[in-house]
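Sequence positions, counted from 1, serve as the residue numbers for this chain.
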Amino acid sequence: MRMGPQLVDSADVLSPADEQRVLGAIDTLYRDHQVKLWIVYVRDFGSMTARDWATRTAQLSDFGDRDLLLAVAVDDRGYWFDGAPPASITDAEVESLLADTVEPDLRDQQWARAGIDTADGLGAAARGGGASWGVLVLIAVAVVVAAGLLVLVMRRRRHAANRAELATARTMDPTDSAALSRLSLPTLHALSKERLVEIDDALRTSEEELALATGEFGDTAVTPFRNALDAARAATAKAFTLRQQLDDAIPETPDQQRALLLDLLTTTGKADHELDAQVADFDAMRDLLIDAPARLDALTRGVVELTARLPAADAELARLDATHPPAMLTSVRDNARLARERITFAQTNIDTARDTLTKPAGQQGGAVGAIRAAEAALGQARTLLDTVEHAAADIQQARDGLPAALAELRADLAAASALTEFGGTQLSAAMATATTTLNTVDESDPLGAFHEAVTADADLDRAVAAASDRKLAVEDVRRRLDRTLLDATSRIDAASAFITTRRGGVDAEARTRLAEAQRHLGQARERAGTDPERALPSAQTAAELGGRALRQAEASVRAWETRQPVSGGGQTGAVLGGILLDGLLRGAISGSRGGGYGSRGGGYRPGSFGGSSGSRRVSRGGRF
């Protein structure tokens, strides 16, 4: 048709309000950028293709170099965009606008929105193309300065707000995930670390108390408390695992961090409640005041027994100090001194408890705390002295096991060297640590050397296992890549040959798919040697696009053949093969307005070296 107004709704799909909105967008595009956009909605394109209909309409409407046409067939669900955009709008911008915005609008039958988005998108592209680097630099500098000032002003407020929020968070019910979810990430991180320390300390104290109660009352009596402690210990272990996941080298998104932190806090809260729920029953069972005198007598015997072990501990430490380097004894060097302090502390609390028991009934509650303190102190003193007695055996065990640990580390290092291609940074780091451990092993410190060898070997084992899995995966990927490259190459070659020998009847859509297929095939071949995992998707995409290009080219040729007049001498075949050029087609592509099939100098002419025309046109569309 010949266009009259810039908006024609022959399909009657726009309301009066829609028409005004579309016309407003068209007028804004012309006012701001002197680009005339014409939009037409019809029911169908008759027997013509979308491109031919749009090209013919542009010719009949005497469109110039700054006229753009969007033609939409609402029943046929086809459209075409034709014209020569200004230099400030690139072909890629037009392609992106049509594919990413206009086609989805049309698919959803948002007819007015498609027209408005076309006008607005062209305007946005034109504005973007005219921006100067100087303006961008000035904007960037202004943003940086403003951001810096904002940081300086807000930093102190933020720190104060964080402190206040953390103080409030400490008072919240740790099992109330809804309340916790309203806290900021920094507060959740800080609170999680505090709660982990608190629950870990509570577990250790509860375990010591339970051990004493077990010795006094037997396993059966303490079963409920043992079950509660085990459940709390399992929950705490899970919480520590979550904290480790947050602290490792693999970053989480803010949403992932929040989910992990909420899980951690509710887990530690439940563990804490598990223990607190048993406090009353545990205290009732361990009513220390009932047999306090007998208990104090037992504690006094413990003081005597541990005091008698101190001289032997001093002697053993002196012997170890004379025969081993100082670094080896760091963990036990102060044990005898610390044991004396615990024994003295226990004796002080025993005396306090005895004095408290002489007071009238109702004033003896202080004896409970003193007895518990004395029990805990003697328990720790016993552990300290036991460690001194076992130190020599532990050192000898490490010395005896060191050669085998180093031999295993060497063997694993040799195996790892064959997997460096697949190990990545994890294997490289583990191999470097293992090599350093072997080269710097200090056999005069068997405890430290044994620990370093075992730790390095464990890290190396994990890295080797991961590299072995990746090697198998890479070999599988390479096999699949070889097959896919062969498939893609054959499909692309078939499509290319078909288009080359029938290029006079093949439209832009098939050629675009072929070009994309060739690009992806090139990427796949470039990456095949160094990164087969990334090459495989490119090869698969190339194969799929190559097949689509051939199918679309075949459909395009069939449509072209139905439009051709019967002629002799093989002229039609020569035009189809691109040997002769269709004058009408060449004129439409180049933007010429005169001529036509068999009239005013049109017809066929031989092809020659050179471009399609001297002016740039964008012609793109399809089904939606």
Stepwise side chain to side chain donor-acceptor pair (under 3.5 Å) check, T205 with R372 | CA-CA 11 Å; T205 301; R372 284 181 170 172; over 6 Å; no

Test your reading of the model: is there a side-chain donor-acceptor pair from [X] to the backbone of [Y], 3.5 Å cut-off?
X: T358; Y: D355; result: yes
X: S96; Y: E93; result: no
X: E165; Y: S184; result: yes
X: D459; Y: A430; result: no

For D201 and R204, run salt bridge (charged side-chain N to carboxylate O under 4.0 Å, His left out): C-alpha distance rounded to whole Å, both residues' side-chain angles, the deciding distance at 0.1 Å, then the answer.
-> CA-CA 5 Å; D201 285 345; R204 295 177 187 277; 5.1 Å; no

Starting from the C-alpha separation in whole Å, work towards a yes-or-no answer on side chain to side chain contact (heavy atoms under 4.5 Å, CB included) for L385 and N335.
-> CA-CA 7 Å; L385 295 177; N335 280 24; over 6 Å; no

Hey, is [X] close enough to [Y] for a salt bridge, meaning N to O under 4.0 Å?
X: R319; Y: E316; result: yes
X: R340; Y: D314; result: yes
X: R483; Y: D487; result: no
X: R354; Y: D297; result: yes
X: E198; Y: R195; result: yes
X: E305; Y: R301; result: no
X: R479; Y: D482; result: no
X: D386; Y: R309; result: yes

Residue pair [X] / [Y]: nearest heavy atoms and the distance that separates them:
X: L310; Y: A336; value: CD2-O, 4.0 Å
X: F225; Y: L210; value: CB-CD1, 3.8 Å
X: L378; Y: L299; value: CD1-O, 3.5 Å
X: A539; Y: A524; value: N-CB, 3.6 Å

Of all pairs that satisfy salt bridge (charged side-chain N to carboxylate O under 4.0 Å, His left out), the ones with a partner from residues 249-273, not counting sequence neighbours |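 Those involving residues 249-273 are K238-D263.
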
Does a side-chain heavy-atom distance below 4.5 Å link [X] with [Y]?
X: V197; Y: K193; answer: no
X: L265; Y: P174; answer: no
X: R243; Y: H189; answer: yes
X: L183; Y: M172; answer: yes

Restricting to pairs with a member in residues 531-544, which pass side-chain hydrogen bond (donor to acceptor under 3.5 Å, both in side chains), not counting sequence neighbours?
->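 Counting only pairs at least two positions apart or across chains, the side-chain hydrogen bond (donor to acceptor under 3.5 Å, both in side chains) contacts touching residues 531-544 are R527-S538.
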
About how many Å separate OG1 of T223 and CZ of R226, when rounded to the nearest 0.5 Å?
->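 The CZ atom of R226 sits 9.0 Å away from the OG1 atom of T223.
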
Run the salt bridge (charged side-chain N to carboxylate O under 4.0 Å, His left out) check on E341 and R337 step by step: do they pass?
-> CA-CA 6 Å; E341 292 177 358; R337 177 180 61 81; 3.0 Å; yes

Begin from the C-alpha positions of L384 and D334 and carry the test side chain to side chain contact (heavy atoms under 4.5 Å, CB included) through to its verdict.
-> CA-CA 9 Å; L384 290 165; D334 296 329; over 6 Å; no

Without hydrogens or angle criteria, can the side chains of S206 and R233 be said to hold a donor-acceptor pair below 3.5 Å?
->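 Short answer, no.
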
Flag for D248-Q244: side-chain donor and acceptor within less than 3.5 Å =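 Judged by distance alone, the side chains do not pair up.
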
Side chain to side chain contact (heavy atoms under 4.5 Å, CB included) between L357 and L296, worked out = CA-CA 11 Å; L357 290 175; L296 289 171; 3.6 Å; yes

E516/R519 under salt bridge (charged side-chain N to carboxylate O under 4.0 Å, His left out): CA gap, chis, key distance, verdict | CA-CA 5 Å; E516 273 297 284; R519 183 177 70 84; 2.9 Å; yes

For Q347 and T307, run side chain to side chain contact (heavy atoms under 4.5 Å, CB included): C-alpha distance rounded to whole Å, both residues' side-chain angles, the deciding distance at 0.1 Å, then the answer.
-> CA-CA 11 Å; Q347 185 60 62; T307 302; over 6 Å; no

